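Reading through the structure tokens given below for one structure.
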Amino acid sequence: GILKNKIMALEITDATFDEVVLKSDKPVVVDFWAAWCGPCRMVGPIIDEVSSEYEGKAVVGKVDVDANQEFAAKYGVRNIPTVLVFKNGEMVSRQVGVSPKQVYTDAIDALL
């Protein structure tokens, strides 16, 4: 069989956050992370899997908080990893720390 290209989560920055996240007509999952954060390395691959599975149905991305602090501050992201879910420009769910994949997929499914 043909291997489906693995879809990686989008890199979202402060400059693109408004367009990609807040103006999306689909649910958006945003993983706030940093390179030095150990637990973030556990969440990253899960977020990439979710991105693959929900391609076309939801937008899945990540924000490097070291380089992009504006929206992390705006949404009160103090501990990472923090995964926020948005719908129609509003934050509808917040998951702090490492969660099983189903926690993230359930949050999206509730909005589809």
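We're numbering straight along the sequence, starting at 1. Just so it is clear, the structure is predicted and the values come from calculations on it, not from any experiment.
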* Can you tell me if Tyr104 uses its side chain to pair, donor with acceptor, with the backbone of Val85 under 3.5 Å? -> no
* Applying side-chain contact (heavy atoms from CB on, under 4.5 Å), run through Val43 and Phe32 and close with a yes or a no. => CA-CA 10 Å; Val43 173; Phe32 288 84; over 6 Å; no
* Asked: Is a donor on one side and an acceptor on the other found under 3.5 Å between the side chain of Asp48 and the backbone of Ala9?
  -> yes
* Structure fact -> Val28 and Val20 have their tightest heavy-atom pair at CG2-O, 4.0 Å
* Can any side-chain N or O of Ser24 pair as donor or acceptor with the backbone N or O of Val21 at less than 3.5 Å? -> no
* Tell me whether Ile80 is reachable from Val96 by hopping between hydrophobic residues (I, L, V, M, F, W, Y) whose side-chain heavy atoms are closer than 4.5 Å. => no
* To do: Over all heavy atoms of both residues, which pair between Asp14 and Glu70 is shortest? Give the atoms and the distance, please.
  => OD2-N, 3.0 Å
* Greater than 12 external heavy atoms within 6.0 Å of Lys74's NZ -> no
* Aromatic centroids of Phe86 and Tyr75 separated by under 6.0 Å -> yes
* What closest approach, in Å, do Ala34 and Asp64 show between heavy atoms, and which atom pair accounts for it? -> CA-OD1, 4.2 Å
* To do: Flag yes if Val65 and Met91 sit in one hydrophobic cluster, no otherwise; membership is Ile, Leu, Val, Met, Phe, Trp, Tyr, and two members link when side-chain heavy atoms are under 4.5 Å apart.
  => yes
* Asked: Can you check whether Ala72's main-chain N or O pairs, donor with acceptor, with Arg78's side chain at less than 3.5 Å?
  -> no
* Asked: Does Leu111 offer a backbone N or O that forms a donor-acceptor pair with the side chain of Lys87 under 3.5 Å?
  -> yes
* Find out if a path of hydrophobic residues (ILVMFWY) with successive side-chain heavy-atom gaps under 4.5 Å connects Tyr54 to Ile46. => yes
* To do: Is it possible for you to say whether Val77 and Val83 belong to one hydrophobic cluster, with membership spreading through side-chain heavy-atom contacts below 4.5 Å?
  => no
* Taking all atoms of both residues into account, what is the closest heavy-atom pair of Leu112 and Lys57, and its distance? -> CD2-O, 3.5 Å
* Does Val103 share a hydrophobic cluster with Val59, counting links as ILVMFWY side-chain heavy atoms below 4.5 Å and allowing steps through other members? -> no
* Only counting residues at least two apart or in another chain, list the ones meeting salt bridge (charged side-chain N to carboxylate O under 4.0 Å, His left out) with Lys26. => none
* ring pair (Phe, Tyr, Trp, His ring centres under 6.0 Å) partners of Phe71, counting only residues at least two apart -> Phe17
